[in-house]
Amino acid sequence: MKQPLWGRTYQELQEIVRKEGFPGFTAGQISDWLYKKNVRSIDEMTNLSKKNRAALQDSYSLERSEPVNCSVSTDGTKKYLFEAAGNYIEAAYIPDEQRATLCVSSQAGCRRQCQFCMTGKQGLQANLTSGEILNQIYSIPEWENLTNLVFMGMGEPLDNPDEVLSTLDVLTSEKGLAWSPKRITLSTVGILPGLERFLKESSCHLALSLHNPFPEEREQIMPVEKKYPLQEVLSLIRSAGDFSGQRRFSVEYILFDGFNDEMRHARELARILNGVKTRVNLIAFHPVPGLPWKGSPRNRMEEFQQELQKKGITTTIRRSRGLDIQAACGLLSTLEQVEKKKSGGESL
């Protein structure tokens, strides 16, 4: 079978060029065609000789896939559905004044089983390749207008570190898209081996999905706490140094009614974050069919925010987007799988 050329880092392209016996500069030419000029076929790489193009076509392909569905919210948010790795995955386009953010998936499903997340209910189906992650960016009509990228879609990015870090390399290297790392944020529940690599190999922003500052309570909704305790995750983040410069660190905190929204939670959250430069994003819970969780009322979210701000922590309440199009992570793909089964087709 032909190997994908799309999604290769410059270093990988150099290895391909050496293997094929092409001149060394050909790697730069191929990278330019792939990521700067966004070609769809090897034949379009016109500054490569016909012989070299034919050799590439014998072993490599530039296969890309368009979204199979797009849901559009009244607030402008768009939820794109793709087929990848034999499954459905999602990407969410979120326009907001001068910003246009794309939320991408790094896995089909997820093994972490967070109790409030529909993606976790699917279980891990596949790790996405760098090409499949980048395809979510390049295959939407708004891709040239994107200002920011967040790895907050389906899956845990640091459970797929090789492909995610390769994607970040393509996005930020001069031989790739040459995006500033300041435009990219990776969100994790705190996978220590992957987090250590990310902090060393990338300078993109980091967001930690925290959701409860008390370990025994966090473990009830996030089983990852048992293997990778929050205390150890925060210790590693502190060891990475000052987050007041190029790289930012933020905390994602979904507020659940009666579970993690009391003032004792706010005070403990402030205590464990003491000494690290961060921003806390308070998130309204998107209702998920079949799950028992309810979001905290707005007045309690504001009280929680005020308590954190009194402790000197910058805190924002994130505006909910795409409520009318199943924008919560994993909802759309799960519904598509259910419909596929109902219609008698094979589930992807």
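Each residue takes its place number in the sequence, starting with 1.
- Between H211 and F116, the two ring planes are perpendicular [angle over 60°; tilted spans 30° to 60°].
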Let me see the working for T129 and E163 under side chain to side chain donor-acceptor pair (under 3.5 Å), right down to the final yes or no. CA-CA 5 Å; T129 65; E163 298 300 324; 5.1 Å; no
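- How far CD1 of I42 is from OG of S61: 7.0 Å, rounded to the nearest 0.5 Å.
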For the pair F285 and W293, evaluate ring-ring contact (aromatic ring centres under 6.0 Å, His included) and give the outcome as yes or no after the intermediate values. CA-CA 8 Å; F285 178 61; W293 305 100; 7.5 Å; no
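- To the nearest 0.5 angstrom, N69 atom CG is 12.5 Å from K78 atom NZ.
- Side-chain atoms of S105 never come within 3.5 Å of backbone atoms of Q107 as a donor-acceptor pair (strictly under, hydrogens ignored).
- The line from CD of E132 to CZ of F82 is 11.5 Å long, rounded to the nearest 0.5 Å.
- Under the 4.5 Å side-chain criterion, counting only non-hydrogen atoms from C-beta, M301 is not in contact with D261.
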- Message: Between W33 and N47, is the side chain to side chain donor-acceptor pair (under 3.5 Å) condition met? List the steps.
- Response: CA-CA 10 Å; W33 285 112; N47 58 356; 2.6 Å; yes
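- Side-chain atoms of T9 and S166 include no donor-acceptor pair closer than 3.5 Å.
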Take E66 and R40, measure what salt bridge (charged side-chain N to carboxylate O under 4.0 Å, His left out) needs, and give me the verdict at the end. CA-CA 12 Å; E66 301 297 323; R40 294 300 183 106; 3.1 Å; yes
Requested in this report: Show the numbers, then the answer: is there a salt bridge (charged side-chain N to carboxylate O under 4.0 Å, His left out) between R111 and E156?
Outcome: CA-CA 8 Å; R111 67 161 55 93; E156 163 53 55; over 6 Å; no
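- Contact check for P193 versus Y228: side-chain heavy atoms found under the 4.5 Å cut-off.
- Across every non-hydrogen atom of L186 and F151, the tightest pair is CA-CB, 4.0 Å.
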Worked check of side chain to side chain donor-acceptor pair (under 3.5 Å) between N281 and T316: CA-CA 5 Å; N281 294 314; T316 59; 2.7 Å; yes
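- Between atom CG of residue L5 and atom CD of residue Q3 there is a gap of 10.5 Å, rounded to the nearest 0.5 Å.
- Criterion: ILVMFWY side-chain heavy atoms under 4.5 Å apart, direct or through other members. Under it, I94 and I317 are not part of a common hydrophobic cluster.
- Counting only N and O atoms by type, the side chains of N135 and S65 include a donor and acceptor under 3.5 Å apart.
- Residues T26 and L13 form no side-chain contact, since every pair of their non-hydrogen atoms from C-beta on lies 4.5 Å or further apart.
- No hydrogens or angles considered: a donor-acceptor pair under 3.5 Å links the side chains of D75 and T77.
- The number of heavy atoms from other shown groups lying within 6.0 Å of CD (Q231) does not exceed 12.
- Grouping the Ile, Leu, Val, Met, Phe, Trp and Tyr side chains by contacts below 4.5 angstrom, directly or via other members, places Y10 apart from F22.
- Side-chain contact check for L124 versus C110: every heavy-atom pair is 4.5 Å or farther apart.
- Within a 6.0 Å radius of CZ in R99, no more than 12 heavy atoms belonging to other residues, nucleotides or ligands are found.
- The 12-atom threshold is exceeded at NZ of K37, counting heavy atoms of other residues, nucleotides or ligands nearer than 6.0 Å.
- Dense packing is recorded around NZ of K36, with more than 12 heavy atoms of other residues, nucleotides or ligands lying under 6.0 Å away.
- Annotation for R321 and P95: closest pair NH2-O, 2.8 Å, computed over non-hydrogen atoms.
- Within the 4.5 Å cutoff, side-chain heavy atoms of I272 are placed close to those of P213.
- At a threshold of 4.5 Å between side-chain heavy atoms, the hydrophobic network of Ile, Leu, Val, Met, Phe, Trp and Tyr places L199 and L234 in one connected group.
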Subject >> salt bridge (charged side-chain N to carboxylate O under 4.0 Å, His left out) assessment of R264 paired with E217 >> reply: CA-CA 13 Å; R264 68 183 181 92; E217 293 182 18; 2.8 Å; yes
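- The aromatic rings of Y138 and Y35 are tilted relative to each other, their planes meeting at an angle between 30° and 60°.
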Please determine whether salt bridge (charged side-chain N to carboxylate O under 4.0 Å, His left out) holds for the pair D162 and R197, giving the CA-CA distance in whole Å, both sets of side-chain angles, and the decisive distance to 0.1 Å. CA-CA 10 Å; D162 290 340; R197 283 190 60 188; 2.6 Å; yes
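- Judged by distance alone, with hydrogens and angles left aside, the side-chain atoms of R279 form no donor-acceptor pair with the main-chain N or O of T315 at under 3.5 Å.
- A salt bridge is absent between K175 and D169: the closest approach of a Lys/Arg side-chain nitrogen to an acidic carboxylate oxygen does not fall below 4.0 angstrom.
- More than 12 non-hydrogen atoms from other residues, nucleotides or ligands lie less than 6.0 angstrom from NZ of K2.
- Under the 4.5 Å side-chain heavy-atom criterion for ILVMFWY residues, no single connected hydrophobic cluster contains both V72 and Y80.
- Taking the charged nitrogens against the carboxylate oxygens, R318 and E252 do have a contact shorter than 4.0 Å, which makes a salt bridge.
- Judged by distance alone, with hydrogens and angles left aside, the side-chain atoms of N87 form a donor-acceptor pair with the main-chain N or O of A85 at under 3.5 Å.
- Here the shortest heavy-atom pairing between Y93 and A100 reads OH-CB, 3.7 Å.
- Taking all atoms of both residues into account, the shortest heavy-atom contact from A55 to E20 is CB-OE1, 4.1 Å.
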- Query: What do the steps show when you test E219 against N212 for side chain to side chain donor-acceptor pair (under 3.5 Å), and what is the final call?
  - Reply: CA-CA 9 Å; E219 189 177 331; N212 201 305; over 6 Å; no
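- Nearest approach of E90 to M154, heavy atoms of both residues: N-SD, 3.6 Å.
- Residues V170 and I137 are members of one and the same hydrophobic cluster, defined by side-chain heavy-atom contacts under 4.5 angstrom among Ile, Leu, Val, Met, Phe, Trp and Tyr.
- Between K310 and E307 there is a salt bridge, with a side-chain nitrogen of the basic residue lying less than 4.0 Å from a carboxylate oxygen of the acidic one.
- Contact annotation: the side chain of F249 approaches that of V251 to within less than 4.5 Å [non-hydrogen atoms, C-beta and beyond].
- Between the OG atom of S106 and the CD atom of Q136 there is a distance of 8.5 Å, given to the nearest 0.5 Å.
- Going from atom OG1 of T278 over to atom CG of L206 covers 8.5 Å, rounded to the nearest 0.5 Å.
- The shortest side-chain heavy-atom distance between L34 and S31 does not fall under the 4.5 Å cut-off.
- The pair R298-E302 meets the salt-bridge criterion, with a side-chain N (NZ, NE, NH1 or NH2) lying under 4.0 Å from an Asp/Glu carboxylate O.
- At least one side-chain heavy atom of W179 sits less than 4.5 Å from a side-chain heavy atom of L146.
- The shortest heavy-atom contact between L273 and R238 is C-NH2, 3.7 Å.
- Atom NZ of K121 has more than 12 neighbouring heavy atoms from other residues, nucleotides or ligands inside a 6.0 Å radius.
- A distance-only check finds no donor-acceptor pair linking the side chain of D32 to the backbone of G28 [under 3.5 Å].
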